[in-house]
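Please read the structure below before turning to the comments.
Each chain gets a letter, A, B and so on, in the order the sequences are listed, and its residues count up from 1.
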Amino acid sequence: MKFAILVNEGPYQHQASDSAYQFSVAALEAGHEISRVFFYHDGVNNGSRLTTPPQDDRHIQKRWSALAADKGVDLVLCVAACQRRGLVDEGEMKRNGKDASNIAEGFRISGLGQLIEAGIESDRLITFGD
Amino acid sequence: MKFAILVNEGPYQHQASDSAYQFSVAALEAGHEISRVFFYHDGVNNGSRLTTPPQDDRHIQKRWSALAADKGVDLVLCVAACQRRGLVDEGEMKRNGKDASNIAEGFRISGLGQLIEAGIESDRLITFGD
Amino acid sequence: MEDEEYTGGIEKKIIYVNRRAPHGTVYALESLETVLIGAAFDQDVTMLFLDDGVFQLKKDQAPEALEFKNFSKTYRALEMYDVEKLFVEQESLAERGLAQDDLVVDVELVARKDVGALINDQDVVLSF
Amino acid sequence: MEDEEYTGGIEKKIIYVNRRAPHGTVYALESLETVLIGAAFDQDVTMLFLDDGVFQLKKDQAPEALEFKNFSKTYRALEMYDVEKLFVEQESLAERGLAQDDLVVDVELVARKDVGALINDQDVVLSF
Amino acid sequence: MSTLNVLNKSPFEKKTMEQCLARLADGDSVLMIEDAVVAALADTAIASQLESVGAAHALYVLEPDLAARGLSSSSRLAAVKVVDYSGFVELATTHERVHSWL
Amino acid sequence: MSTLNVLNKSPFEKKTMEQCLARLADGDSVLMIEDAVVAALADTAIASQLESVGAAHALYVLEPDLAARGLSSSSRLAAVKVVDYSGFVELATTHERVHSWL
């Protein structure tokens, strides 16, 4: 079965991103496909490469990036949510005249259409939020 | 009277940062002092200079930075919360081996002791969160 | 981005479940944004307002003093985007002392006991 | 940072109000962090556990499978930091089917009707 | 030694308001801001509960948050007084401490 | 055409659970994750309410979230079945849609 995942909260403050990750791992282990993980609202904060969590804690961003690298999962950050919260890739950096980017490997920034499309083309959309 | 303000949520997702700002402006207008605004939990996300909110919307980070520039308000981001969420100044960038910084003007990163101190040395501590 | 067109050929029933008051959180605004962007996909869209979500449709909203966008007028424009199924739960209105007259747009009332069936008639649930 | 010392000479009564279950949000962990950092300031500290906050003290927490820190043992170390006033509201325990025996640490029970007075005896309220 | 209790969540969404009201001490006041302002409306399912609290405690609601939600001219509970941000600041000074129930 | 309703907030903190339960359709199931797992305990103030819902609907609770909160060996409502993440995935496939009540 083809799952799409929606993540509405950033890392560490709420369990939402953790739950979405654990669900994704379990779905992949069961032989299902994760067609896309869409990060919306504060969820886009999962995609920053500038985090340095304590060494005895999980590294939420790196876990997601590894899922993209190892399993080819498509990690999409909502562009409008990124602009409001300061998540920036090279393209956004130039477009908006910023002096730095902070997006992590495996994530890409795109529009809300990617969420709608994921809802249409997957068998199930599962939302994790607050 | 000397107020300290605690902000627990990031910009745009919750009204908390807006309410904290409006309270601070009103307190200053009434002749009170804002001794410190401490940004904790997701609140540290208020301090990113990489945001580009829609032109017809308020610019939350710039409003806070202006309060620091114009009224000398001390804006402090909790260092541990910053590390979990990817808020980085020049010092943190070097210390944690990051390739970019994203902190906005008027904000500084420091420890939780600054919150305790603000609670002790102000007349009132007012919390805005979720 | 608003112009992207969907050529996948699938049409699904998508319901937006709105349960929060506006302005205290960004969800009401974002739900509306998603509906507007989603209009280009030619899907079968329903918006459902439950619990505090009914406040999103309240007339006379004036968030300008807080420097917030006043997006409540946009609900009236949904028709132009072929989003015509707006359901409001009548018990949610009554519990909050509101009536249909208090809302910015014409809606269809639905009874609480029928909400489950309305949702179970959908393919995708997006909750805000 | 843990070593900073406060030399301002003011001693205040600070109460930490903990009202959320652990792990679903970061607040329980952060409250504990603030208390530990705050210990260096030699203030008069009280921790109050109300509502779902009583779950923070539940024995047998095992969040390791989720890769979460198991910080519940730290409550037992608070004594070493001279944080000795731990209050738990008895009605909050009872509503959740919990008893004092279920908690990792010795606490003082307080009745709901006395919580307001306990808070009004403080200089600063920090809510988590 | 009274406390200004600040509430920011709708009583229809969270139990924070009832949890706060159950712990008020004599002389305590309550200020409703953000989504909590909906509690100030008359004719709601919780109106009588709040009206009875208003007999023993001062209740306030923040006007710009009412206005944002289109509730400025809606009928409100008689017990609730309307304040603006300068009134909020004033209340913070006239109470010995501020407790935000999160 | 049944729905898997997912709840992640404690019924002692938010009204989400009661709001969800009031809208269940025939054949719908409920899965409690994150802080919502506390609702699966026996002997709570809301136990009888949930037990009666369990007579008409399948109720599930996520084991790792119970374990994290020290509730794995606490007595639970008889109506509630325990699942792990692979059970969560399975439930998502055996219901036609998943509705997360946020």
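From Leu98(C), atom CG reaches atom CG of Leu41(E) across 7.0 Å, with rounding to the nearest 0.5 Å. For the atom pair CZ of Arg69(E) and CD of Gln56(C), the computed distance is 11.5 Å after rounding to the nearest 0.5 Å.
Contact count versus chain E (heavy atoms, under 4.5 Å) is highest, among Ala21(C), Ala62(C), Gly24(C), for Ala62(C). Among Ser73(E), Ser72(E), Ala47(E), Gly70(E), the residue making the largest number of heavy-atom pairs under 4.5 Å with chain C is Gly70(E).
Heavy atoms only, all atoms of each residue included: Phe12(E) and Arg96(C) are closest at CB-NH2, 3.3 Å. The minimum heavy-atom distance between Ser10(E) and Asp52(C), with the atom names listed, is OG-OD2, 2.5 Å.
Contact annotation for Arg20(C): only side-chain heavy atoms (C-beta onward) come within less than 4.5 Å of a heavy atom of chain E.
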Show your reasoning for whether side-chain contact (heavy atoms from CB on, under 4.5 Å) applies to Ser74(E) and Lys58(C). CA-CA 11 Å; Ser74(E) 303; Lys58(C) 177 74 180 64; 3.9 Å; yes
Report the C-alpha separation of Phe55(C) and Val38(E) in whole Å, then their side-chain angles, then the decisive distance to 0.1 Å, and conclude whether the side-chain contact (heavy atoms from CB on, under 4.5 Å) test is met. CA-CA 9 Å; Phe55(C) 285 119; Val38(E) 303; 3.6 Å; yes
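Applying the ring pair (Phe, Tyr, Trp, His ring centres under 6.0 Å) criterion to Tyr27(C), with sequence neighbours excluded, gives His41(A).
When side chains are defined from C-beta on, Tyr85(E) counts as touching Leu66(C), because their heavy atoms get closer than 4.5 Å.
Atom NZ of Lys113(C) has 12 or fewer heavy atoms from other residues, nucleotides or ligands within 6.0 Å. The environment of Phe71(C) atom CZ is dense: over 12 non-hydrogen atoms of other residues, nucleotides or ligands sit within 6.0 angstrom. At most 12 heavy atoms of other shown residues, nucleotides or ligands fall within 6.0 angstrom of atom CD in Glu79(C). In the displayed structure, Asp106(C) atom CG is contacted under 6.0 Å by at most 12 heavy atoms of other residues, nucleotides or ligands.
Using a 4.5 Å cut-off between non-hydrogen atoms, no part of residues 19-34 of chain E approaches chain C.
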